[in-house]
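Below: one structure, written as structure tokens.
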Amino acid sequence: MGFGTVSRGGSSRWPDQRLCTVEMGPPCHTSCLSRRKSSSSPKIKVDLDSSTGIAVMKFQSPPVNSLSLDFLTEFCISLEKLEMDRSCRGVVVTSALPKIFSAGLDIMEMYGKSPERCGEFWKAVQEMWLKLYGSNMVTIAAINGSSPAGGCLMALTCDYRIMAENPRYGIGLNETQLGIVAPFWFKDTMVNTVGHRTTELALELGLLYSAPDALRLAWWTSWCRRTRC
Ligand SMILES: CCCCCCCCCCCC/C=C/CC(=O)SCCNC(=O)CCNC(=O)[C@H](O)C(C)(C)COP(=O)(O)OP(=O)(O)OC[C@H]1O[C@@H](n2cnc3c(N)ncnc32)[C@H](O)[C@@H]1OP(=O)(O)O
């Protein structure tokens, strides 16, 4: 499947290159509650605070938030709903599971499935990328756990990234280590963030980075010391 032109931003909801302050804690006051809209699908929970215009999308698909067809479909529907809500200006994607942001594409979707199912799955992966990359909202990945391969793609597709520091958490396009080649648009998304040379090295070796190493290579907008964002 080819790609059309992707518009990125371009609406008044997009603050050009400004850093975002993201309130990720519980509501500060009970009066805030009335301005919160929540929705939950089996694999993704969304909380939108209309007073700030910030939505938090939490992945809750144990054991590892793998990107299955169901997960990707729910993700696209949730993002579309937020996109249509004019009170929503930004969305934070993060994980409700301990230690894992997302394990990437669901391996079981790529094994022993019919060509039709494979096509549907691959289209959903591309759809996720197109919707996230082309979003008019400010998109932020709060990476509170490991994020290999497709999980890393999702984070790289956001406008900003914040990662929790924990030596056990790694992020990167490590497909080479798995004996597969990262699709060219995975690679391009990484090039956009960290440049050609770093991407070349990272993909050749299938590297997974810790938060401080990734920060050094300009992956991040920010990082935090708390293990849970
Ligand atoms: C064929 C379809 C498409 C056709 C056209 C396209 C053709 C091109 C295809 C090429 C695709 C190229 C792109 C690939 C991008 C990807 O994302 S590939 C997936 C890469 N991800 C991984 O390899 C992650 C592997 N997992 C881990 O490293 C670890 O599990 C973890 C660090 C995420 C977590 O570690 P830990 O906490 O120790 O948990 P585990 O015990 O390892 O795992 C728990 C549980 O989860 C299962 N699991 C892990 N990862 C995945 C996954 N990606 N998909 C599905 N399931 C996963 C793991 O098996 C365990 O299950 P059990 O408890 O044993 O049942």
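Since we're looking at a predicted model, the values are computed, not measured. Ligands are counted one by one from 1 in listed order, and the atoms in each one are counted from 1 as well.
The side-chain hydrogen bond (donor to acceptor under 3.5 Å, both in side chains) test with S40 is passed by exactly one of K45, Q60, K58: Q60.
Residue S210 holds its OG atom at 10.0 Å from CG of N166, rounded to the nearest 0.5 Å. To the nearest 0.5 Å, the span separating CD on E200 from CG on L205 amounts to 10.0 Å. Annotation: the span from E80 atom CD to I77 atom CD1 amounts to 7.5 Å, rounded to 0.5 Å.
Residue A182 does not touch ligand 1, judged by heavy-atom distances below 4.0 Å. Contacts between L178 and ligand 1, counted as non-hydrogen atom pairs separated by less than 4.0 Å, involve the side chain only. Contacts with ligand 1 closer than 4.0 Å are made by no heavy atom of N174, backbone or side chain. Residue contacts with ligand 1 for A103 involve both N, CA, C or O and side-chain atoms from C-beta outward (heavy atoms, distance under 4.0 Å). Residue contacts with ligand 1, taken as heavy atom pairs separated by less than 4.0 Å, do not involve K113 at all. Only side-chain heavy atoms of V64 come within less than 4.0 Å of ligand 1; its backbone N, CA, C and O stay farther off.
Ligand 1 places these atoms under 4.0 Å from at least one heavy atom of P183: 12 (C), 13 (C). For ligand 1, the atoms lying closer than 4.0 Å to a non-hydrogen atom of G104 are 17 (O). Residue A149 has at least one heavy-atom neighbour below 4.0 Å for each of these atoms of ligand 1: 15 (C), 16 (C), 17 (O), 20 (C). Short contacts between ligand 1 and I100, defined as distances under 4.0 Å to a heavy atom of the residue, involve ligand atoms 33 (C), 34 (C), 37 (O). Counting the atoms of ligand 1 from 1 in the order shown, those under 4.0 Å from a heavy atom of G150 are 15 (C), 16 (C), 17 (O).
For atom 52 (C) of ligand 1, the nearest protein heavy atom lies under 4.0 Å away. The nearest protein heavy atom to atom 21 (N) of ligand 1 is closer than 4.0 Å. Within a 4.0 Å radius of atom 58 (C) of ligand 1, the protein contributes no heavy atom. At a distance under 4.0 Å, a protein heavy atom can be found next to atom 16 (C) of ligand 1. Distance remark: protein heavy atom not present below 4.0 angstrom from atom 41 (O) of ligand 1. Note that atom 7 (C) of ligand 1 has no protein non-hydrogen atoms nearby, at separations under 4.0 angstrom. Protein heavy atoms are absent from the space less than 4.0 angstrom from atom 63 (O) of ligand 1. By the definition of a contact as any protein heavy atom under 4.0 Å away, atom 36 (P) of ligand 1 is not in contact.
Between F59 and F71, a ring centre-to-centre spacing shorter than 6.0 Å is recorded.
Residues M110 and L72 are members of one and the same hydrophobic cluster, defined by side-chain heavy-atom contacts under 4.5 angstrom among Ile, Leu, Val, Met, Phe, Trp and Tyr.
Using a non-hydrogen distance threshold of 4.0 Å, K99 does not register as a contact of ligand 1. Residue Y111 places every heavy atom at 4.0 Å or more from ligand 1.
The closest donor-acceptor contact from the side chain of S38 to the backbone of D47 lies at 3.5 Å or more, if one exists at all. Although no hydrogens or angles enter the test, the distance criterion places no donor-acceptor pair under 3.5 Å between the side chain of D159 and the main chain of I140. At least one donor-acceptor pair under 3.5 Å links the side chain of T94 to the backbone N or O of A142. A distance-only check finds a donor-acceptor pair linking the side chain of T199 to the backbone of G195 [under 3.5 Å]. Between the N65 side chain and the F101 main chain, a donor and an acceptor come within less than 3.5 Å of each other. Put simply, the side chain of R89 never gets that close to the backbone of G53: no donor and acceptor are under 3.5 Å apart. Side chain of S95 to backbone of I100: a donor-acceptor contact under 3.5 angstrom is found.
Protein heavy atom at the shortest distance from atom 46 (O) of ligand 1 is P63 CG, 3.3 Å.
Using a 4.5 Å heavy-atom cutoff, the side chains of V64 and L97 are not in contact.
Closest heavy-atom approach to atom 1 (C) of ligand 1 among the candidates Q177, M110, R168: M110.
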